[in-house]
A.B. asks: 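Dropping a structure here in structure tokens format, bear with me for questions.
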Amino acid sequence: MSLRLGVNIDHVATIRNARGGAHPDPVLAAKIAAAAGADGITAHLREDRRHITDADIAALSAEIALPLNLEMAATDEMLTIALHHHPHAACIVPERREERTTEGGLDAAGQHNHLAPLVRRLGDARIRVSLFIEPDPVQLRAASALGAPVVELHTGAYAHAVIDGDGDRTARLLDRIREAARVGQEMGLEVHAGHGLTFDNVKPIAAIAGIAELNIGHFLIGEAIFTGLEPAIRRMRSLMDEARA
Ligand code: PXP
């Protein structure tokens, strides 16, 4: 199975919004990502619009050729927006206003009744629904019971363990992700992964054969400051390809 790279462009908008105006433009970033070998573009329209805006989603929908993966909270407002723009995929994420980023996975098991109509309506509109969950068999079973075709495994805890230099914890969390990818595939789910991935930690994740797609944002946009966006994405792409080979 080949491994796709989804480039998350949220933080191009973060930099733009620091001053208002139009620069740097997330749509241009998406076009550069496409030229650098990205397979998809991911953007998170948060409730507080702290980075990506409604106008960005409209512009991305109209102007980019790659599939758009809209990350969204499980709210009626976001459902209306998704049904209006009809992205290729919608990744349902938990969202709390006070968090700096999406700090944990969705509680698909605990929120079954809230999520079920949302997953169904997105699916009926032929939007590929993904649930951003912890690599946990309980959450995988819940995602499967909800009828979501895709899960994205949260790699944040693994990324933190690598930063902390804690080899045992890193190995344990990597095993958990491997096992979740295996179980997810066995259940017939398409398995994605993402959060906190960098040049230093991507290879063990990319090497997991059951994973079909990685979504990577913050590190690539940060690295672009030093090397440019296209070289940063090309390097990530080649590390992923090396690991998969
Ligand atoms: N996948 C999902 C579902 C996310 O919410 C995020 C962060 O917005 C990412 C991937 C990308 O994480 P990072 O910006 O740390 O690479």
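Counting starts at 1 for both ligands and their atoms, in listed order.
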A.B. asks: If you round to the nearest 0.5 Å, how far is CD of Glu63 from CG of Asp25?
C.D. replies: 7.5 Å
A.B. asks: Using a strict cut-off of less than 4.0 Å between a Lys/Arg side-chain nitrogen and an Asp/Glu carboxylate oxygen, indicate whether Arg49 and Glu77 qualify as a salt bridge.
C.D. replies: yes
A.B. asks: Please report the C-alpha distance between Asn215 and Glu71 in whole Å, then the side-chain angles of each, then the deciding distance to 0.1 Å, and finally whether the side-chain hydrogen bond (donor to acceptor under 3.5 Å, both in side chains) criterion is met.
C.D. replies: CA-CA 11 Å; Asn215 282 296; Glu71 288 179 3; 5.7 Å; no
A.B. asks: Mind listing the side-chain donor-acceptor pairs of residues 116-135 below 3.5 Å, one per line with the distance, residues two or more places apart or on another chain?
C.D. replies:
{"from": "Arg128", "atom 1": "NH2", "to": "Glu190", "atom 2": "OE1", "distance (Å)": "2.7"}
{"from": "Glu134", "atom 1": "OE2", "to": "Gly105", "atom 2": "N", "distance (Å)": "2.8"}

A.B. asks: What does the list of residues with a heavy atom under 4.0 Å from ligand 1 look like, ordered by chain and number?
C.D. replies: Asn8, Asp10, Glu71, Cys91, Val93, Thr102, Phe132, Glu152, His195, Gly196, Asn215, Ile216, Gly217, His218
A.B. asks: Indicate yes or no for a side-chain donor-acceptor contact from Glu95 to the backbone of Glu47 under 3.5 Å, with no hydrogens or angles considered.
C.D. replies: yes
A.B. asks: Check this for me, if you would: do Asp175 and Arg178 make a salt bridge, where the nitrogen-to-carboxylate-oxygen distance has to be below 4.0 angstrom?
C.D. replies: yes
